[in-house]
Amino acid sequence: MNQEKYLFTSESVTEGHPDKIADQISDAILDEILIQDPRARVACEVMVSTGLVFVAGEITTSAMVDYPDVVRRTVREIGYNSPELGFDASTCAVLISLDKQSPDIAMGVDKSQEVRFGLAKDQYDEIGAGDSGMVVGYACNETHALMPLPIFLAHQLSFALAEERKSGRLPYLRPDGKTQVTVEYRKNAPYRVHTIIVSTQHDEPISHDYERLQSDIKERVIKRVIPPELLDENTLIYVNPTGKFVIGGPVADVGLTGRKIIQDTYGGRGAHGGGCFSGKDPTKVDRSGAYMARYIAKNVVAAGLAEVFEIQVSYAIGVARPVSVFIDSFGTAKVPEEKIQKAILKVFDLRPKAIIDQLNLLRPIYRKTAAYGHFGRTDVLFPWEKTDKTEDLLREVKNL
């Protein structure tokens with residue numbers, strides 16, 4: 001950005017938001033399958049609506065899974081465990097419509113074009129990308145997690161809402177909620193928090209004590225999360241701006257897997273390849289490729305090679321090797337970008353099977369990714385969040 005001063009906003013939703021319910025069910029099913037069959041092919045989509053969970057997709061696996069049980073357990077853990085909430089894990093209908101992965105796709109994934117054409121050089125050429133498309137990784141030095149500040153704070157607020165609800169400290173809270181943070185930037189650096197919006201579902205009685213609700217959220221959620229130096233007397237704070245949020249969850253809004261892809265990533269700060277993550281096994285580069293791209297970007301910034309860094313990688317379905325790699329440091333690189341790109345290609349193997357092995361992705365780790373963001377988490381360290389390749393990058397850059 002060339003502006004001296006500007007505002008940027010990102011949003012997050014809690015685990016009880018309908019779209020996030022769908023994401024978590026999709027990934028809970030994926031995890032259950034991976035426990036029994038790490039080589040399964042999974043593309044699981046979920047829709048939630050009033051009294052209904054509909055699971056559809058393409059799954060090829062030897063695993064024996066009680067899908068309705070996984071659905072109900074996930075919904076119950078999120079917090080929808082009473083008819084009073086309008087959505088109850090024990091009584092909601094669960095419909096299943098699953099088929100096997102298309103053999104036309106499986107042919108290219110199980111045996112890449114490199115193998116079929118006799119061009120494979122090693123084991124990592126064996127598996128082709130599960131789909132065509134591009135993925136994007138992003139990192140910046142605005143936070144210790146190397147994430148943009150607006151989405152980082154928005155996720156922290158959503159997470160705090162869930163903690164206050166589950167701990168019983170704010171017992172009137174219900175599972176659905178949304179947060180939004182606007183940060184004022186000056187000279188491309190975060191300067192202050194301009195606006196905070198917290199909309200949280202709640203029990204009916206607290207509707208008649210709006211001042212208490214506002215006070216509780218400000219004291220127990222906002223002040224707990226937002227660093228005091230970023231707040232001032234001009235910071236705008238809106239808590240449930242409509243005045244009431246009793247009806248929420250699937251009763252109020254249909255939820256779909258993959259409908260929150262911007263808050264799953266960088267809150268709109270970086271680009272996005274367009275594909276969602278949840279419900280997909282790691283042969284789908286929409287997911288594994290995006291994780292590797294974040295891993296690369298974070299290590300570049302952690303190594304001090306750039307203050308802001310974005311990488312785009314594109315794939316062709318059934319082909320192991322990427323079609324293209326593009327990087328952008330937005331003018332913050334400390335060495336020529338050409339050297340950074342060459343170093344990346346020496347340190348990181350971008351073929352799907354190599355990504356799966358390097359990040360150890362054939363494990364049941366995905367349910368936790370499905371709420372509060374896939375990147376920059378403080379409650380769990382995912383393998384793509386490690387900064388263990390900084391020395392390798394610096395060495396390669398020095399040798400070029």
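Residues take their numbers from the sequence shown, with the count starting at 1.
- Side chains of Arg287 and Tyr291: a donor-acceptor N/O pair is present below 3.5 angstrom, by distance only.
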ask   = Given the rule in the salt bridge (charged side-chain N to carboxylate O under 4.0 Å, His left out) test, do Arg395 and Asp392 qualify, once you have shown the distances and angles that lead to the verdict?
value = CA-CA 5 Å; Arg395 183 177 60 254; Asp392 293 341; 2.9 Å; yes
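- Side-chain atoms of Tyr210 and Asn240 form no donor-acceptor pair, as typed in the model, at a separation below 3.5 Å.
- Pairs engaging residues 41-58 under the side chain to side chain donor-acceptor pair (under 3.5 Å) rule: Arg41-Asp110 [sequence neighbours left out].
- A ring-centre distance under 6.0 Å is not found for His272 and Tyr138.
- To the nearest 0.5 Å, atom CG of residue Leu213 and atom CD1 of residue Ile217 are 5.5 Å apart.
- By the neighbour-count criterion of 12 heavy atoms within 6.0 Å, atom CD of Glu229 is densely surrounded, having more than that number from other residues, nucleotides or ligands.
- With hydrogens and angles left out, the side-chain atoms of Thr182 and Thr9 include a donor and acceptor closer than 3.5 Å.
- For the pair Arg186 and Tyr191, the cation sits on the ring face: its NZ or CZ lies under 6.0 Å from the ring centre, inside 45° of the axis.
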inquiry  = Run Glu396 and Lys339 through salt bridge (charged side-chain N to carboxylate O under 4.0 Å, His left out) and show every step you take.
reply    = CA-CA 8 Å; Glu396 291 297 340; Lys339 285 191 174 183; over 6 Å; no
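- Connection of Phe245 to Phe87 is not established within any shared hydrophobic cluster, with ILVMFWY side chains joined at heavy-atom distances below 4.5 Å, either directly or through further cluster members.
- Taking a cutoff of 4.0 Å between a charged side-chain nitrogen and a carboxylate oxygen, Glu15 and Lys20 do not qualify as a salt bridge.
- When all heavy atoms are compared, the tightest approach of Cys44 to Thr257 is O-CG2, 4.2 Å.
- Electrostatic pairing of Lys260 and Asp23 does not count as a salt bridge here, judged by no charged N lying under 4.0 Å from a carboxylate O.
- Tyr172 and Asp216 share a side-chain donor-acceptor pair at under 3.5 Å.
- For the pair Ile222 and Leu157, the tightest heavy-atom approach, listed with the atom from each and the gap, is CA-CD2, 3.9 Å.
- Remark: Lys298 engages Glu385 in a salt bridge, criterion side-chain N to carboxylate O under 4.0 Å.
- When all heavy atoms of Pro150 and Glu142 are compared, the pair lying nearest together is CD-OE1, 4.1 Å.
- A cation-pi arrangement, defined by a distance under 6.0 Å to the six-membered ring centre and an angle within 45 degrees of its axis, is present between Arg269 and Phe8.
- Across all non-hydrogen atoms, the minimal contact from Ile355 to Ser288 is CG2-O, 3.5 Å.
- Checking side-chain atoms of Glu310 against main-chain N and O of Ala271 turns up a donor-acceptor pair under 3.5 Å.
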